[in-house]
Amino acid sequence: MHTGQLLGSGRTADVYALDGSWVLRRYRDRSDTTEELAVMSYVGAFGFPVPRIGPPAEGARPTDLVLQRLTGPTLAEALPAGRLGAAEAGALLARLLRELHAIPPRVSANPEDCVLHLDLHPENVILTRGGAVVIDWSTATEGPPGLDRAMSALTLARIALDPASPAGAGVRALLAALLTELSDDGGVSAADLALARTRQRANPYLTARERGCLDRAVDLVIGCAP
């Protein structure tokens, strides 16, 4: 099929323009997106901000996703540009996690479980005119909310420790702000951090350097916690 301009590339997928309203998200090595679509539809029905799901594109691959084209910077782009500060960004991430975890589980029989994004960080939040929208639900699952909080915090700590990241200092401030906001929601426990570290260490899309800094990232999260 014909795709338009390449709008962005992540670790696992590329996003192409289809027209002014829709984009095509194409995974490089995934065989099934059924669960991702189901989760997005489910949380969207509760009012959680996700891209609208479009009709299948003619000639698209079975794993392609047609999604609403969003206009606006990511939270990762807005921070260094000074569009909002670390405290405001931390409050935003905490609010999104809190609202997501208020949604009851879709398939789990455990009432203490909730929907988890497991990759909710500044690059996966787009600031549109209508508000923040959360993208990339490929890792979503269900489980205890503390794991989701720990995954977000650990990801921010990894970025803060990356010497190649120009936003390192700002991300450290964001991490501290997020942890302060999360303290009223149960915070990030040592047990959840350990589980998050195990999950990230097993992630085949992380680089060796990113895996190598996970222990220091855990220490940073603990050190930044209020």
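Residue numbers start at 1 and run along the sequence shown. Keep in mind that the numbers below use all heavy atoms, side chains included, and drop hydrogens, waters and symmetry copies.
- For the atom pair OG of Ser152 and CG of Leu120, the computed distance is 5.0 Å after rounding to the nearest 0.5 Å.
- Leu96 and Leu179 fall within the same hydrophobic cluster, defined by Ile, Leu, Val, Met, Phe, Trp and Tyr side-chain heavy atoms under 4.5 Å apart, directly or through other members.
- Listed by chain and number, the residues in a ring pair (Phe, Tyr, Trp, His ring centres under 6.0 Å) with His121 amount to none (sequence neighbours excluded).
- Counting non-hydrogen atoms of neighbouring residues, nucleotides and ligands closer than 6.0 angstrom, the CD atom of Glu142 exceeds 12 such neighbours.
- In the hydrophobic clustering of this structure, Leu220 groups with Val188; members are Ile, Leu, Val, Met, Phe, Trp, Tyr whose side-chain heavy atoms approach within less than 4.5 Å, directly or through other members.
- Inter-residue side-chain proximity for Tyr16 and Val23 is flagged as unmet; no heavy-atom pair is nearer than 4.5 Å.
- Between Leu214 atom CG and Asp219 atom CG the span is 11.0 Å, to the nearest 0.5 Å.
- Residue Arg95 qualifies as enclosed at atom CZ: its count of foreign heavy atoms under 6.0 Å is above 12.
- You'll find the side chain of Leu127 reaches within 4.5 Å of the side chain of Leu75, heavy atoms only.
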- Task: Verify side-chain contact (heavy atoms from CB on, under 4.5 Å) between His101 and Leu116, making sure each step is shown before the conclusion.
- Result: CA-CA 7 Å; His101 299 159; Leu116 310 179; 4.0 Å; yes
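- Considering all non-hydrogen atoms of both residues, Val221 and Ala157 come closest at CG2-CB, 3.7 Å.
- Side-chain N/O atoms of Thr155 and Gln200 include a donor and acceptor closer than 3.5 Å.
- Salt-bridge annotation for Arg149 and Asp192: absent, with no side-chain N of the basic residue lying under 4.0 Å from a carboxylate O of the acidic one.
- Considering every non-hydrogen atom in both Val125 and Ala132, the closest pair reads CG1-CB, 3.8 Å.
- For the residue pair Ser9 / Asp14, a side-chain donor-acceptor distance below 3.5 Å is found, with atom types taken as modelled.
- If you chain together hydrophobic residues whose side chains sit under 4.5 Å apart, Phe48 and Val133 never meet in one group.
- Note: Asn203 CG to Thr139 OG1 = 8.5 Å, rounded to the nearest 0.5 Å.
- Contact record, Thr74 with Pro122: CB-O, 3.8 Å, taken as the closest heavy-atom pair.
- Residues Val39 and Val115 have side chains in contact (heavy-atom distance under 4.5 Å, counting atoms from C-beta outward).
- Counting only distance, with no hydrogens or angles, the side chain of Gln68 and the backbone of Arg52 share a donor-acceptor pair below 3.5 Å.
- Contact of the Thr128 side chain with the Thr71 side chain is not registered, since no non-hydrogen atoms from C-beta on lie closer than 4.5 Å.
- Under the 4.5 Å side-chain criterion, counting only non-hydrogen atoms from C-beta, Val15 is not in contact with Leu6.
- Residues Leu178 and Ile222 are members of one and the same hydrophobic cluster, defined by side-chain heavy-atom contacts under 4.5 angstrom among Ile, Leu, Val, Met, Phe, Trp and Tyr.
- Judged by distance alone, the side chains of Tyr205 and Glu210 never bring a donor and an acceptor atom under 3.5 Å apart.
- Of the candidates Ile103, Val50, Leu37, Tyr42 forms a side chain to side chain contact (heavy atoms under 4.5 Å, CB included) with just one, namely Ile103.
- Atom CG of Leu65 and atom CH2 of Trp137 lie 13.5 Å apart (nearest 0.5 Å).
- Taking 4.5 Å as the limit, some side-chain heavy atom of Arg197 sits within range of a side-chain heavy atom of Asp215.
- Thr63 and Asp32 make their closest contact through CG2-N, 3.8 Å (heavy atoms, listed as atom of the first residue, atom of the second, distance).
- In this structure, a donor-acceptor pair under 3.5 Å is absent between the side chains of Asn110 and Ser108.
- Transitive grouping of hydrophobic side chains (ILVMFWY, heavy atoms separated by less than 4.5 Å) keeps Ile135 and Met40 in distinct clusters.
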- Task: Could you check Arg106 against Glu35 for salt bridge (Lys or Arg N to Asp or Glu O under 4.0 Å), going step by step and ending with a plain yes or no?
- Result: CA-CA 11 Å; Arg106 181 175 63 93; Glu35 184 66 14; 2.2 Å; yes
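- Side-chain contact, Asp148 with His117: no donor N or O sits under 3.5 Å from an acceptor N or O.
- Leu175 contributes atom CG, which lies 9.5 Å from atom CG of Leu154 (distance to the nearest 0.5 angstrom).
- In this structure, Ile126 and Pro73 have side chains that are not in contact, with every pair of non-hydrogen atoms separated by 4.5 Å or more.
- For Asp136, the salt bridge (charged side-chain N to carboxylate O under 4.0 Å, His left out) partners are Arg25, not counting sequence neighbours.
- Residues Pro49 and Val43 fail the side-chain proximity criterion, which asks for heavy atoms closer than 4.5 Å.
- Among all heavy-atom pairs drawn from Ala94 and Leu182, the shortest one is CB-CD2, 3.9 Å.
- Ion pair Arg69/Asp19 not flagged as a salt bridge, since none of the NZ, NE, NH1 or NH2 atoms sits closer than 4.0 Å to an Asp/Glu carboxylate oxygen.
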- Should Asp162 and Arg209 be marked as a side-chain contact (heavy atoms from CB on, under 4.5 Å) after you check the CA-CA gap, both sets of side-chain angles, and the distance that decides it? CA-CA 9 Å; Asp162 184 355; Arg209 183 172 64 184; 3.4 Å; yes
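- Taking CZ of Arg11 as the start and OG of Ser138 as the end, the distance is 11.5 Å to the nearest 0.5 Å.
- Between Ala89 and Leu79, the shortest heavy-atom distance links the atoms CB-CD2, 3.9 Å.
- A salt bridge does not link Asp119 to Arg199: none of the charged nitrogens lies less than 4.0 Å from a carboxylate oxygen.
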- Candidate pair Leu93 and Glu181, rule side-chain contact (heavy atoms from CB on, under 4.5 Å), full reasoning: CA-CA 9 Å; Leu93 286 177; Glu181 292 284 342; over 6 Å; no
